[in-house]
Every structure is written in structure tokens, then in C-alpha cells.
Amino acid sequence: KSKVAHGCSECSSGKYNNETGKTFCHKCPEGKYNDLTKQTSCKSCPSSRYNNVAGQRSLNDCAFCDPGKYNELVSQKTCIYCKKGYTCPGECSINKNTNILSENRPVRSSQFSAYTSSGPSKANDGNFERSHPNIFHSDFVSSALFYRHSWWGVHLSEYAYNPFITFYARDCCTTSFGQAIEIWIGDSWPSNNAPWSSNIVAHKCADISNISPLSSKTSICQGSGLYIFVRPSSNTTSCHPTLGCAFNIAEIVVSKDVV
């Protein structure tokens, strides 16, 4: 410790003191460091790094996570092994599932203005709560307009070949879309808030039916493309007796294999 004029000693790097009248400095705990003197707190090792030794003095003392491990949080003293279906080449701060192609990817839909708190991104945000407002809810329209114009779509993280589609129904109201949907796959998608068009380069690849509240349905989409769409079933002729038809989607997962 170096002496200063008033007779007290500075806390050296790697240490701190956040109390008056102390006779010693604390070592920075595991997961933290200090590269300066006279500090009242320590700095955190950032995500994707860790430190399992107290009293470290530099950011370089926070080691990167090894391949196959990750850290989402700061101030960690260990890294976490990637789960099955996940991978990391090294220095990872998130647990990336390479099997899932849709989570938090860009989305669009034909209409949702009446339910701005339940927009299209609620259907692929990784939140599997089955109730409002953790769902995508489109506007109510007539059954004729619903079948001709309505859709929800996601831009996948990579080009997909015969992907698996898992539909997670909300806690009610599946009759609002006739308890059935079509899955389409394609190489282009409409503008946001635009109706479905025959100019879209896409084709129907699967049907999912008998959708009851809180059910989960998985189907193989036979085809290839960069965009997946949810569209009304051609068998939808009636929905809500007074309001009309609307999508209610808790979550959609597009994956290379069954999740």
C-alpha cells in the first residue's frame, strides 16, 4: 500500500473498501476485478467471461468462456454448459439453439392495429405464456376477408428444408380462427399490414387442425423456403358469432427437428 499525506493507505488495485473507519481493504470477489486504486466497489466481468479467483486486477483476468459453455450474466465465477440442441464455438454470452429457426426473428402480419399490445412479434418471442398479452392477436374481420387476406409470417434465420412447425394455442378463443390453420412456406413475403396476395412466392406445406385451447400441435412443412406463414384454413367458414374471425397465437416454433 502506498502512503498518502493524511496517514491512511489507499486500497490497491484488486481491492476495495466501501465503509469508513476500516483497517483493511477487501479483495474483489470472484466474478469481479479492479484495475484502479482507492475504489469503493469492484468492476464486473462482462457476459461471455468469468473469474474464479478473488482480488483480480484487470479485465484480462476475466477469462472467456471455453467452447461449449456460455455466460448471459455479468459478475460470474463460472460458465454454463450449453444444453442439448445448443452450441458455442467459444466466447459465448447467449445459449443459442441452432435447431430453432424462428425465435425472435423478424415478423410481419396482415393486420393487428386494434391489438397493438399483442403484435406479431408476440408469436415468436420465446415466451410460452398462453394468455393475453403474451400472444399475437389480429383484428376481427369477416370470415370471407379472413380467408382471403389474413396471414402471419416469420423470416427464418436460415433457408429451411421440410421444417417442423409447432403451434402453441392460447388459453381460449381458438374458435376465433376456426380451430384450424394452414402453414405456408416461401421465398418472399408481403409488406407489413398488407393483405395476402397471389403474387407471393409461397405454397401450402401443412395443415394443422383440431386446435383446442392450451394445445400444442406439431406438423412437418413439406417444402423449402426462407419464410413461414400461418394462414386461415380453407375449411374456416365461421368463427365468433358476433365479432368475426381473428388469429390468436401464443407461440409458433419453426425448427429443423422436433422441439
Which heavy-atom pair separates Arg170 from His137 by the least distance, and what is that distance? NH1-CD2, 4.1 Å

For Ile211 and Ala169, work out which heavy atoms get closest and say how close. CG2-CB, 3.7 Å

Interatomic distance, OG1@Thr174 vs CD1@Ile249, rounded to 0.5 Å, equals 12.0 Å

Sorted by chain and number, sequence neighbours left out, salt bridge (charged side-chain N to carboxylate O under 4.0 Å, His left out) with Asp125 holds for none

When you group the ILVMFWY residues by side-chain heavy-atom contacts below 4.5 Å and let the links chain together, are Leu145 and Phe177 in the same group? yes

Considering only heavy atoms from C-beta outward, does the side chain of Pro29 approach that of Cys42 to under 4.5 Å? yes

Of all heavy-atom pairs linking Glu30 and Ala54, the shortest is CG-N, 4.0 Å

Closest non-hydrogen atom pair, Asn248 against Phe167: O-CZ, 4.0 Å

Would a distance-only check, ignoring hydrogens and angles, find a side-chain to backbone donor-acceptor pair under 3.5 Å from Glu182 to Ser234? yes

Lys27: which residues meet the side-chain hydrogen bond (donor to acceptor under 3.5 Å, both in side chains) condition with it, sequence neighbours left out? none

Between the main-chain N or O of Ala194 and the side-chain N or O of Arg108, is there a donor-acceptor pair closer than 3.5 Å? no

Closest heavy-atom pair, Cys221 versus Ala206, reported as atoms and distance to 0.1 Å, is CA-CB, 4.2 Å

Go through Asn199 and Ser197 one step at a time and tell me if the side-chain contact (heavy atoms from CB on, under 4.5 Å) criterion holds. CA-CA 5 Å; Asn199 295 326; Ser197 168; 3.5 Å; yes

Please examine the side chains of Lys217 and Asn210, heavy atoms only from C-beta on, and report whether any two atoms are closer than 4.5 Å. yes

Using 0.5 Å steps for rounding, measure from the SG atom of Cys173 to the CD atom of Gln179. 11.0 Å

Check step by step if side-chain contact (heavy atoms from CB on, under 4.5 Å) holds for Glu158 and Leu101. CA-CA 7 Å; Glu158 62 182 73; Leu101 307 176; 3.6 Å; yes

Distance in Å, Gln39 CD paired with Tyr33 OH, rounded so as to fall on 0.5 Å steps: 11.0 Å

Specify whether Phe128 and Tyr168 have parallel, tilted or perpendicular ring planes, treating 30° as the upper limit for parallel and 60° as the lower limit for perpendicular. perpendicular

NZ/Lys22: more than 12 non-hydrogen atoms of other groups inside 6.0 Å: yes

Close side-chain approach of Ile100 and Val253, heavy atoms under 4.5 Å: yes

Any Lys122 side-chain heavy atom under 4.5 Å of Ile135 side chain: no

Heavy-atom donor-acceptor pair, Asn34 side chain to Arg57 backbone, under 3.5 Å: no

Nearest 0.5 Å please: distance from the CZ atom of Phe140 over to the OG atom of Ser150. 11.5 Å

Any donor-acceptor pair under 3.5 Å from Asn99 side chain to Lys256 backbone: yes

Quick check: do Ile185 and His203 have side-chain heavy atoms less than 4.5 Å from each other? yes

Salt bridge (charged side-chain N to carboxylate O under 4.0 Å, His left out) involving Lys43 - partner list, sequence neighbours excluded: Asp35

Checking the side chain of Gln76 only, and the main-chain atoms of Val74 only, is there a donor and an acceptor separated by less than 3.5 Å? yes

Report yes if the side chains of Tyr50 and Lys77 come closer than 4.5 Å at any heavy-atom pair, otherwise no. no

Taking every non-hydrogen atom, the tightest pair across Gly223 and Pro163: O-CD, 3.9 Å

Is the side chain of Asn51 donor-acceptor paired with the backbone N or O of Lys32 at a distance under 3.5 Å, no angle test? yes

Under the side-chain contact (heavy atoms from CB on, under 4.5 Å) rule, what do Ser102 and Leu156 come out as? Steps first, then yes or no, please. CA-CA 5 Å; Ser102 56; Leu156 303 178; 4.2 Å; yes

Salt bridge (charged side-chain N to carboxylate O under 4.0 Å, His left out) partners for Glu103, two or more places apart: none

Does the Ser138 side chain pair with the main chain of Phe247, one donor and one acceptor, at a distance under 3.5 Å? yes

Taking side chain as C-beta onward, heavy atoms only, is Pro195 less than 4.5 Å from Arg148? no

Check whether Asn192 reaches the backbone of Ser109 with its side chain - one donor and one acceptor, N or O, closer than 3.5 Å. yes

Sorted by chain and residue number, the ring-ring contact (aromatic ring centres under 6.0 Å, His included) partners of His26 (sequence neighbours excluded) come out as Tyr16, Phe24

Does Tyr147 belong to the same Ile/Leu/Val/Met/Phe/Trp/Tyr cluster as Ile183, with side-chain heavy atoms less than 4.5 Å apart forming each link? no

Check: Asp171 main-chain N/O paired with Arg130 side-chain donor or acceptor under 3.5 Å: no

Rounded distance [0.5 Å steps], OG in Ser121 versus CZ in Phe136: 10.0 Å

Cys79 side, atom SG; Leu73 side, atom CG - distance, nearest 0.5 Å: 11.0 Å

Cluster membership besides Leu226, Ile/Leu/Val/Met/Phe/Trp/Tyr side chains within less than 4.5 angstrom, sorted by chain and number, is Trp151, Tyr159, Tyr161, Trp184, Trp189, Trp196, Ile200, Tyr227, Phe229

Give a yes or no on whether the backbone of Arg105 and the side-chain of Asn124 come within a donor-acceptor separation of less than 3.5 Å. yes

Under the side-chain contact (heavy atoms from CB on, under 4.5 Å) criterion, do Ile252 and Val254 qualify, and how do the steps go? CA-CA 7 Å; Ile252 291 281; Val254 183; 4.2 Å; yes

